[in-house]
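Accompanying notes for the structure given below.
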Amino acid sequence: MIYNKIQSKQAKISYSRFEGQLSDEYNLMVAPTVEGPIDKQLEAIREALSDFMIQIDSNSDAIVFQRFFVSDFSNQSEILTKADLFGCNCAVSIIQQSPLNGVKVGLWTCILEGKKKTQFAKEKNKHKLVMAHNGYSHVYTTQIHSQNPKLCSYEQTNQIFNNYLELLKGHNLTLEEHCLRTWFYVRDIDNNYAGMVEARNQVFENHQLTEKTHFIASTGIEGSFADPAISVMMDAYAVGGIKPEQIRFLEARENLNPTHEYGVAFERGTAVEYGDRRHIFISGTASINNKGQIVHVGDISGQTERTFENIKALLNEAGADINDLNSMIIYLRDVADYNGVETYISKHYSTIPYIIVLAPVCRPGWLIEIECIAIKPIKNDQFNCF
């Protein structure tokens, strides 16, 4: 993995680059350095990203995904409806999780640059992007939510899955075979998380997703939408054309317990094998031991260190290490913990693109949660390259 940072006039970019056989992957975290209203900060991000695309001799068509982390969705929603900065047919996700570095908006974006005349077929329909290449179809779906916000979190989650299952069916995909990653954003997580979990558990059981088969890598975290009545939203990533033998589920049992032991249904991590690379999706990970107990209660420094120990154990099980990470999202429950965590990350992992946001974790005793993605270079002639 290649890491670098760029400081423009009004924004800064931290990025990773993975060089593959047919395509390179870039993951960027972009933060404005200018004060003022959100439209001014979005413009600073757009200018910095535009300059970056010129620098790598690419264009906005190579952007496949953008997630905006914003400070006040209700008041910023009119501006954010135009958040696709280049109209580039990419998947766009917007979530209220305030960046803790003092700005109104931060951006995580993924860029896929073809090599050797490689072409990617992209088709966008509202909050869905399908990118087809080399026998695979990558389906990015964002901001799925109930059309009836009067429902409770349990009922809203059921509607979300009904909508998503229909979407997958339209591409001849299934939840159990093709969905690799989900993100659940729950408003007022201390009160609404249980309903989301109950509905997800039931949907998974109906689709033979159990502790005896497998679950899906996931993050369940506090996050809000512009409409205050919407209590749950979901982003998801699925891949068509993938074979079961390309997918491996990570446990790190010496460090972590199976999630079903405390009533939730998600994989700690998932590794996906392609001909030239291994994608590793690490779910939201916290300071926990292999008995499901919180480690370092009330101690943000201890919890941060233990969380990274757990992440390293999962990466190691996938044949990777911390130097293979392409990005990290760090969620904090208490804004007062920001300075200490930022100092720790800057000291130990500053080269990896990351963002720290305010987002309470599903279990009150967890002060920090971290999710990440890694890419490991491999050569496996059994499968098509990414």
Side-chain angles (χ1 to χ4, degrees), residues 67 69-70 72-74 77 80-81 91-97 125-128 139-171 173-211 213-238 259-267 283-284 331 333 359-364 366 369 371:
R67 179 173 294 156
F69 305 87
V70 302
D72 185 2
F73 205 158
S74 296
S77 59
L80 290 166
T81 56
V92 178
S93 174
I94 309 169
I95 190 70
Q96 180 171 317
Q97 290 178 331
N125 181 9
K126 294 184 179 179
H127 291 288
K128 178 190 71 177
V139 183
Y140 302 84
T141 314
T142 60
Q143 296 187 221
I144 312 171
H145 61 273
S146 170
Q147 300 306 309
N148 185 354
K150 294 182 180 180
L151 301 176
C152 66
S153 61
Y154 170 84
E155 294 167 324
Q156 288 193 26
T157 304
N158 271 323
Q159 275 202 357
I160 286 170
F161 272 111
N162 288 338
N163 294 340
Y164 188 56
L165 289 166
E166 282 299 309
L167 183 150
L168 291 174
K169 185 178 179 181
H171 293 278
L173 306 179
T174 65
L175 183 70
E176 56 269 28
E177 293 179 323
H178 302 103
C179 184
L180 299 176
R181 186 69 166 89
T182 60
W183 293 262
F184 285 92
Y185 299 110
V186 184
R187 183 188 292 273
D188 187 11
I189 196 165
D190 292 340
N191 289 311
N192 289 321
Y193 184 72
M196 183 279 286
V197 166
E198 182 182 0
R200 179 175 63 180
N201 287 355
Q202 290 178 2
V203 169
F204 280 12
E205 186 173 354
N206 292 339
H207 287 265
Q208 291 74 53
L209 291 166
T210 71
E211 66 270 19
T213 57
H214 69 86
F215 298 123
I216 297 169
S218 187
T219 298
I221 199 80
E222 173 103 18
S224 302
F225 191 56
D227 185 342
I230 293 175
S231 56
V232 185
M233 285 197 308
M234 184 180 82
D235 288 353
Y237 171 62
T259 62
H260 70 84
E261 290 185 354
Y262 52 94
V264 293
F266 69 93
E267 292 292 340
S283 298
Y331 305 101
R333 190 176 184 91
V361 184
C362 62
R363 197 165 166 182
W366 284 331
E369 181 170 312
E371 69 170 70

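All values below were derived from every heavy atom in this structure, side-chain atoms included, with hydrogens, water molecules and symmetry-related copies excluded.
Of the candidates Met196, Arg200, Glu155, Val232 forms a side-chain contact (heavy atoms from CB on, under 4.5 Å) with just one, namely Met196.
Taking each heavy atom of Ala226 and Ser74 in turn, the nearest pair found is O-OG, 3.4 Å. Nearest heavy-atom pair across Val197 and Gly263 is CG1-O, 3.4 Å. The heavy-atom pair separating Leu165 from His207 by the smallest distance is CD1-NE2, 3.5 Å. Nearest heavy-atom pair, Glu211 versus His260, reported as atom, atom and distance to 0.1 Å: CB-CD2, 3.3 Å. Minimum interatomic distance between Phe266 and Gly284 (heavy atoms only, all atoms of both residues): CE1-O, 4.4 Å.
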Check the pair Gln96 / Ser224 against side chain to side chain donor-acceptor pair (under 3.5 Å), numbers first and verdict last. CA-CA 5 Å; Gln96 180 171 317; Ser224 302; 4.7 Å; no
Checking Arg187 against Asp227 for the salt bridge (charged side-chain N to carboxylate O under 4.0 Å, His left out) test, could you report, in this order, the C-alpha distance in whole Å, the side-chain angles of both residues, the deciding distance, and whether it holds? CA-CA 10 Å; Arg187 183 188 292 273; Asp227 185 342; over 6 Å; no
> Stepwise, does the side chain to side chain donor-acceptor pair (under 3.5 Å) test hold for Glu371 with Tyr331?
Replying inline: CA-CA 8 Å; Glu371 69 170 70; Tyr331 305 101; 2.8 Å; yes
Q | Intermediate values then yes/no, side-chain contact (heavy atoms from CB on, under 4.5 Å), Thr141 and Leu168 | A | CA-CA 10 Å; Thr141 314; Leu168 291 174; over 6 Å; no
Item to complete: Start with the C-alpha gap between Ile160 and Asn163, add the side-chain angles, then the distance that decides, and say whether side-chain contact (heavy atoms from CB on, under 4.5 Å) holds.
Response: CA-CA 5 Å; Ile160 286 170; Asn163 294 340; 5.7 Å; no
Residues Ile95, Asp235; criterion side-chain contact (heavy atoms from CB on, under 4.5 Å); working and verdict: CA-CA 10 Å; Ile95 190 70; Asp235 288 353; over 6 Å; no
Practice task
Take Asn158 and Leu151 through the side-chain contact (heavy atoms from CB on, under 4.5 Å) test and state the conclusion after the steps.
Solution key: CA-CA 10 Å; Asn158 271 323; Leu151 301 176; over 6 Å; no
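Side-chain contact between Leu167 and Ile144 is absent, with no heavy atoms from C-beta onward closer than 4.5 Å. Between Glu267 and Ile216 there is no side-chain heavy-atom pair separated by less than 4.5 Å. Between Phe161 and Thr182, the closest side-chain pair of non-hydrogen atoms is not below 4.5 Å. Proximity of Thr157 to Val203: side-chain heavy atoms (C-beta onward) are nowhere separated by under 4.5 Å. A heavy-atom distance below 4.5 Å is not found between the side chains of Val186 and Ile221.
A distance of 4.5 Å separates CZ of Phe73 from CD1 of Ile94, quoted to the nearest 0.5 Å. In this structure, CD in Glu177 is found 10.0 Å from CG in Leu209, a value given to the nearest 0.5 Å. Note that SG of Cys152 is 12.5 Å distant from CG of Asn191, once rounded to the nearest 0.5 Å. Distance check: Cys362 SG to Asn192 CG gives 13.0 Å after rounding to the nearest 0.5 Å.
Taking the six-membered ring where tryptophan is involved, the planes of Phe215 and Phe204 are essentially parallel, since the angle between them stays under 30° and well short of 60°. Taking the six-membered ring where tryptophan is involved, the planes of His145 and Phe225 are tilted, since the angle between them lies from 30° to 60°.
Looking only at distances, no side-chain donor or acceptor of Glu176 sits under 3.5 Å from a matching main-chain atom of Gln208. The backbone N or O of Glu222 lies less than 3.5 Å from a partner atom in the side chain of Gln97, making a donor-acceptor pair. Side-chain N or O atoms of Glu198 include none that pairs as donor or acceptor with a backbone N or O of Gly195 at under 3.5 Å. Side-chain atoms of Ser93 never come within 3.5 Å of backbone atoms of Thr142 as a donor-acceptor pair (strictly under, hydrogens ignored). Without hydrogens or angle criteria, Gln156 side chain to Ser231 main chain gives a donor-acceptor distance under 3.5 Å. Side-chain atoms of Asp190 do not come within 3.5 Å of backbone N or O of Pro364 as any donor-acceptor pair. Counting only distance, with no hydrogens or angles, the side chain of Thr219 and the backbone of Trp183 share no donor-acceptor pair below 3.5 Å.
The environment of CD in Glu205 is sparse: at most 12 heavy-atom neighbours from other residues, nucleotides or ligands sit within 6.0 Å.
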